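Everything on this sheet refers to the single structure shown next.
Being a predicted model, the structure only gives us computed values, none of them experimental.
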Amino acid sequence: MSAAGGTRNAVGVDIGGTKIAAGVVDHRGEVLVSTRRETPASHPAAIADAVADAVAELATTHEFGPVGVAAAGFVDAARSSVVFAPNLAWRDEPLREHVERRIGRPVVVENDANAAAWGEYRFGGGRGADGELVQDLLMLTLGTGLGGGIVAGGLLQRGANGAAAEIGHARAVPDGRRCGCGNRGCWEQYVSGSALVRDAKDLLRSGDESGAALLAAAGGDPEAVEGRTITELAAAGDPGCARLLADLGRWVGEAVATFTAVLDPEVVVIGGGVSSAGELLLAPARASLAENLPGRTHRRPPALRAALRGNAAGIVGAADLARAG
């Protein structure tokens, strides 16, 4: 077991809709070692077991102190329970208690997008042109759903009940697509990795020739399409997949314009698995932002960039929040 860093190290655990990622993080925000588990999404107790198993594995090689758990759901003000999760079977789940009992260490629970926003703010894309930390940052995480995180005045904004920045569940389209939260037309249904895959499947079912390469990559089965395949083909020059990402990028730009009207951030960071598309997503997003920003001829738009910490942002942020208590 390595003693380097000792209890200055903390563990961050990021629980998403399909995977659990965990890592030992030092005080500089560097991930020293990591591991992954599949998310048993329909079994809350099994999720806690998987987290404990991942933490136990990390403890075989490194010393660390507290554990921060980034959870894909509404987390209460005490950073203890997941009140509701649209894409997991958590309903008033006392996650901190269940994980602490299994691992015997102090645990802090935070919304996954909040944790990612804090990780990016402290150790990633949260710096201005002068290299200093900005005071106001908005993060959107495009994964199974759409998460949001807000740093205002240098502080993570959690709201009165711990449920601030649930940007994915603000209404974008009246009477639009049904969302897992119970409403219709939420931003998540148009700005997420799931939305990208859904649109790709619709394209293939339509028989449009622009989806030929993607259909071939999916073995001729539209239901087998994966988001990463869309990104890979787009990067290789496939016009149909590039158009799918551009369409998603336009939705991203509209969302950023809408929330910039409320928050006026200096920097907007795009994270989650879809952010790996880079400029294939960000270039159309910036163009859409410029077209839709209120007062656009008289104000500077926020800098729009991909998360520098990538998929590690949630782990890094959760660990840093746990270290701070």
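With respect to the salt-bridge test (charged N to carboxylate O, under 4.0 angstrom), the residues R28 and E30 do not qualify. Between R37 and D53, at least one side-chain nitrogen of the basic residue sits less than 4.0 Å from a carboxylate oxygen of the acidic one, meeting the salt-bridge criterion. Salt bridge present: R299 and D264 bring a charged side-chain N and a carboxylate O closer than 4.0 Å. Using a cut-off of 4.0 Å between Lys/Arg side-chain N and Asp/Glu carboxylate O, E223 and R205 are scored as salt-bridged. Looking at R286 and E291, no side-chain N of the basic residue comes within less than 4.0 Å of a carboxylate O on the acidic one, giving no salt bridge.
For the pair H169 and C179, the minimum side-chain heavy-atom distance is below 4.5 Å. Counting only heavy atoms from C-beta outward, the side chains of R305 and V269 approach each other to under 4.5 Å. Looking at heavy atoms from C-beta onward, Q189 lies out of side-chain contact with R178 at the 4.5 angstrom threshold. Counting heavy atoms from C-beta outward, D221 and L215 have side chains that stay 4.5 Å or more apart. Residues N183 and C186 form a side-chain contact, since some pair of their non-hydrogen atoms from C-beta on lies under 4.5 Å apart. The shortest distance between side-chain heavy atoms of V25 and I315 falls below 4.5 Å.
F123 pairs by the ring-ring contact (aromatic ring centres under 6.0 Å, His included) definition with nothing, not counting sequence neighbours. Legend: residues meeting side-chain hydrogen bond (donor to acceptor under 3.5 Å, both in side chains) with R158, ordered by chain and number and at least two apart, are E110.
Using a 3.5 Å distance cut-off with no hydrogens or angles, the side chains of R96 and S81 do not pair a donor with an acceptor. For the residue pair S206 and D208, no side-chain donor N or O sits within less than 3.5 Å of a side-chain acceptor on the partner. Side-chain atoms of N111 and E166 include a donor-acceptor pair closer than 3.5 Å. Judged by distance alone, the side chains of S288 and E254 never bring a donor and an acceptor atom under 3.5 Å apart.
Applying side chain to side chain contact (heavy atoms under 4.5 Å, CB included) to V274 and the options L146, L248, V252 leaves one that passes, L248.
Closest approach of A116 and T141 over heavy atoms only: CB-CG2, 4.1 Å. What you find for T258 and W187 is that their closest heavy atoms are OG1-CZ2, 3.8 Å. In terms of heavy atoms, V191 sits closest to A255 at CG2-CB, 4.5 Å. Taking all atoms of both residues into account, the shortest heavy-atom contact from L156 to R79 is CD2-NH2, 3.9 Å. Contact record, P66 with N9: CD-O, 4.4 Å, taken as the closest heavy-atom pair. In terms of heavy-atom proximity, R296 sits nearest to A290 at CD-O, 2.9 Å.
Residues V13 and L321 are members of separate hydrophobic clusters, defined by side-chain heavy-atom contacts under 4.5 angstrom among Ile, Leu, Val, Met, Phe, Trp and Tyr. The hydrophobic cluster containing L282 also contains L140, counting ILVMFWY residues as joined when their side-chain heavy atoms lie under 4.5 angstrom apart, directly or transitively.
Checking side-chain atoms of S194 against main-chain N and O of T144 turns up a donor-acceptor pair under 3.5 Å. Remark: the backbone N or O of R309 is paired with a side-chain donor or acceptor of E120 at under 3.5 angstrom.
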- [ ] I would like to know whether D199 and D247 meet side chain to side chain contact (heavy atoms under 4.5 Å, CB included); could you show each step before the answer?
- [x] CA-CA 9 Å; D199 289 349; D247 288 343; 5.7 Å; no
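Counting non-hydrogen atoms of other residues, nucleotides and ligands closer than 6.0 Å to CG of D175 gives a total of 12 or fewer.
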